[in-house]
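One structure is given below, encoded as structure tokens.
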Amino acid sequence: MALDSETLSQFLMTIRRFVDKRLIPAEAEVAETDRIPADIVTEMRDLGLFGLSVPEEYGGLGLTMEEEVLAVFELGRAAPAFRSMFATNVGIGMQGIAIDGTPEQKAKYLPRLASGELIGSFALTEPDAGSDAGSVRTMARRDGDTYVLNGTKRFITNAPHAGLFTVMARTDSGTKGAAGVSAFVVERDTPGVSTGKPEKKMGQQGAHVCDVIFDDCRLPATALIGGIEGQGFKTAMKVLDKGRLHIAAACVGLAERILDDMLVYAVGRKQFGRPLADFQLLQAMFADSKADAYAARCMTLDAARKRDAGQDVSVESSCAKMFASESVGRIADRNVQVHGGNGYIREYRAEQLYRDARLFRIYEGTTQIQQIIIAKSLTADARVRAGF
Ligand code: COS
């Protein structure tokens, strides 16, 4: 349910204060220790961040997509590792259940995901199935009232902390591609589930990814999301349609933060006897960055409103994710440039945010996958219009 405007603006102000007073000051420590302090995680839980989009009847805040992106514009201003802590619960780690789960699955898991007591992870990618998500090899073999799961999932965000996985696995070995894939909820303590060593990454220290291995892991038949086989790929795509809007919003928040950092540095730092901000070559970078961030904000909000209105936003979601992630990459790069030599030095945040932003163009679908989704839809419509 949509919040009234005063409650919404108070909520957004509370998040902004939390980001400015708690998250941004802790960035250096998190980057250094690769760990988000426990008291910050507790504060995130108290603010309801783990349940932003979980329906109110299941204990979440029940935000609309528009409200969620407004909240994530604020949260995205801090280094992305903080958002990652709760974002799999808000997004891909929970949405499979929220969108396609049975009433029993929703009642069993959503309240604990909303409170942050349970961390949810989305397990789609495999060593040989990244962009080609329909080619997953993890098998779920039906055996009486159970399924037996075998396979390895790769780069699973928050897997080291997860208590629950949404797992896409093949239930029909005879059907190649998307149609043979089903989605399951798998509890961490199920015998046969294990996780690998957290990967050493280029950026986003404090957010953890690792392999998840299923070795003769026996699940009750009730673990099949929605209770219908062969729907798992579609569930994953619906989850990603929403997830990509969330990522676009995170990119907008970070883009606006980096532009602020760039400007503050440029008005303070002098060269040739004048502040950097006086130089027109740098002013062009500020202007391009503002236009990039503003366009990404408008596109993300528009797509979110369309989703709230019940429209299919697969194309808009891909446009927003592609544009916002590419634009935050450009802005992060300009920020390093404006900082000059200091931009390459750890003490300044410019180099960290540059590395952190790089992932946005890759996960939840690379820029090239977004291009394919957009172009496929456009050409299909054109064929219909042109009668081909
Ligand atoms: N919502 C609902 N259903 C969808 C859908 C969506 N957004 N997108 C596709 N589908 C359906 C299609 O309608 C089709 O259904 P039918 O077989 O009933 O016609 C089915 O799913 C297969 O779709 P398609 O043929 O388009 O699948 P492809 O194998 O060609 O894959 C891409 C399409 C490339 C878009 C998909 O594999 C993808 O998104 N890959 C990237 C995965 C990704 O983001 N990975 C990151 C890891 S997750 S953090």
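Note that ligands are numbered from 1 as they come in the structure, with each ligand's atoms numbered from 1 the same way. Throughout, numbering of the chain's residues begins at 1 and tracks the sequence. In what follows, every heavy atom counts, from backbone to side chain, and hydrogens, waters and symmetry copies are set aside.
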For this session: Write down the atom of L113, the atom of G120, and the distance for their closest heavy-atom approach.
Result: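 Looking at all heavy atoms of both residues, the closest pair is CD2-N, 3.6 Å.
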Just the distances, no angles: every ligand 1 N or O to protein N or O pair closer than 3.5 Å, one line each.
residue	atom	partner	partner atom	Å
ligand 1	7 (N)	D241	OD1	3.4
ligand 1	7 (N)	D241	OD2	2.9
ligand 1	18 (O)	K234	NZ	2.7
ligand 1	26 (O)	K376	NZ	2.8
ligand 1	30 (O)	K376	NZ	3.3
ligand 1	37 (O)	S131	O	3.4
ligand 1	39 (O)	R244	NH2	3.4
ligand 1	40 (N)	S131	O	2.8
ligand 1	44 (O)	R244	NH2	2.9
ligand 1	44 (O)	G365	N	3.1

For this session: Identify which one of K242, R83, R307 satisfies the salt bridge (Lys or Arg N to Asp or Glu O under 4.0 Å) criterion when paired with E68.
Result: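 That would be K242.
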Exercise. Going by the angle between their ring planes, with limits at 30° and 60°, are H339 and Y265 parallel, tilted or perpendicular?
Worked result: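 Ring orientation of H339 relative to Y265: parallel.
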Problem set entry | Nearest-0.5 Å distance that lies between atom CZ in R244 and atom CD in Q370 |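 Separation between the atoms: 4.5 Å.
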Problem set entry | Step-by-step side chain to side chain donor-acceptor pair (under 3.5 Å) determination, T367 to E326 | CA-CA 8 Å; T367 290; E326 290 286 332; 2.7 Å; yes
Problem set entry | Cation over ring face, R142 and F184, 6.0 Å, 45° |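 No, a cation-pi geometry is absent between R142 and F184.
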